[in-house]
Amino acid sequence: MPEMPELENIRKLLSDQIVNLPILNAKVNKEGSINIVADDFASELQDRKVIFVERRGKLLNFHLDNGRRLLVNLMVGGSIFYGNQEDLPSRNTHVEISFGENILFFVLARSGYVHLLSAKEAGEVLAELGMDVWDRRMNIERFIHAVKGRRGALKTLLVNQNVISGIGNRYADEIAFKAGLLPSVKVQELENEALGNLYHAMKSVLSDAVETGGVINVPLMTADSITGHYKLQVYDRAGENCEQCSGSIDRVELNGRKAFFCPICQHE
Ligand SMILES: [Zn+2]
């Protein structure tokens, strides 16, 4: 599933392309992915402009010039493509928003959605999220404040969107590796110093991932050479060699989630 770095990359690239361009029309190929009748969805979007693309946690929130919002959750396997019909790599799209020559194609996973909402309604959905991991106000004190008093495995905490939003399965493992902590470490047993190290590891992994366009190599546009260049150290690499110590990457199940780690580089 796209996490903060992937979505931040999409947000930046897309902002340069669509902001202030009038929407020509919208087409819905899967009614279940929108929240109103398809004809109303199309007529409400016609002639509107996106004035700002926001990302919160693992959601994209397109601000329209009439104050309404398009809230998008891609979910696992979901993607976005911007370009013309000929350039579109997959034809199986669910929602299409046309800006004339170019179209914004949404390929949504099973429970993914594109919801047209009022600012208040979108705000209510976003209010359920913990502070965004990339929020300018996020700092070591706020991070420790958010995780203090929580119990359970480190990975489970990092992916809990109500605590801190934006991190999912991939980056939780990468952050734990960078911090030298096992994903199974009990959060309540971490002292402030370890939490501080964890915070710096989180910032370091995520800023590298943002700079290199994240890990999911699905280009947003034809001329997109930025997306998908982040190199994972442990996630989905069970049995491969750790690049830090040459040991073998291992895998465990934690509360029904896979977690990948290096048993030599990571400790309790
Ligand atoms: Zn190692």
Side-chain angles (χ1 to χ4, degrees), residues 1-9 57-58 76-77 130-134 138-144 146-148 150-161 163-218 225-268:
M1 165 160 196
E3 302 177 29
M4 184 285 281
E6 287 76 30
L7 292 170
E8 196 55 30
N9 181 54
K58 297 190 269 185
V76 183
M131 184 182 255
D132 189 273
V133 69
W134 221 230
M138 178 61 86
N139 58 25
I140 203 160
E141 289 77 27
R142 289 201 171 90
F143 176 74
I144 291 176
V147 303
K148 267 285 173 187
R150 298 272 170 177
R151 302 181 65 81
L154 173 61
K155 173 156 192 177
T156 312
L157 174 91
L158 288 175
V159 300
N160 184 340
Q161 302 303 298
V163 178
I164 291 165
S165 59
I167 301 170
N169 272 323
R170 289 187 184 84
Y171 293 104
D173 285 358
E174 297 296 304
I175 291 165
F177 175 75
K178 184 82 180 179
L181 293 168
L182 288 169
S184 56
V185 153
K186 296 275 174 282
V187 178
Q188 64 270 26
E189 288 168 11
L190 296 177
E191 303 289 345
N192 278 2
E193 194 189 336
L195 290 175
N197 290 339
L198 180 62
Y199 173 79
H200 291 301
M202 180 180 85
K203 287 298 245 190
S204 158
V205 164
L206 295 177
S207 61
D208 283 354
V210 167
E211 269 171 37
T212 51
V215 290
I216 301 175
N217 193 9
V218 179
S225 55
I226 298 165
T227 298
H229 295 283
Y230 184 74
K231 194 172 180 312
L232 294 166
Q233 299 294 307
V234 285
Y235 184 81
D236 215 13
R237 294 192 52 206
E240 292 178 38
N241 287 345
C242 169
E243 289 188 7
Q244 211 164 268
C245 73
S246 303
S248 180
I249 308 290
D250 211 342
R251 179 197 138 144
V252 282
E253 288 270 335
L254 282 176
N255 305 316
R257 285 175 191 273
K258 289 180 286 186
F260 299 87
F261 64 100
C262 172
I264 297 169
C265 296
Q266 294 172 257
H267 308 278
E268 283 292 337

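Starting from 1, each residue takes its place in the sequence as its number. Both ligands and their constituent atoms are indexed starting at 1 by order of listing. These values consider heavy atoms only, across backbone and side chains, with no hydrogens, waters or symmetry-generated copies.
- Salt bridge status for Lys231 with Glu243: present, with a side-chain N to carboxylate O gap under 4.0 Å.
- With a 4.5 Å cut-off on side-chain heavy atoms, Lys148 and Leu195 count as touching.
- Considering only heavy atoms from C-beta on, Lys258 comes within 4.5 Å of Glu253 through its side chain.
- Between Val147 and Leu157 there is a side-chain heavy-atom pair separated by less than 4.5 Å.
- Ring planes of Phe143 and Tyr199: tilted class, angle from 30 to 60°.
- Side-chain contact, Asn241 with Ser246: no donor N or O sits under 3.5 Å from an acceptor N or O.
- Protein-derived N/O/S atoms nearer than 2.8 Å to the Zn ion (ligand 1) total 4, waters excluded.
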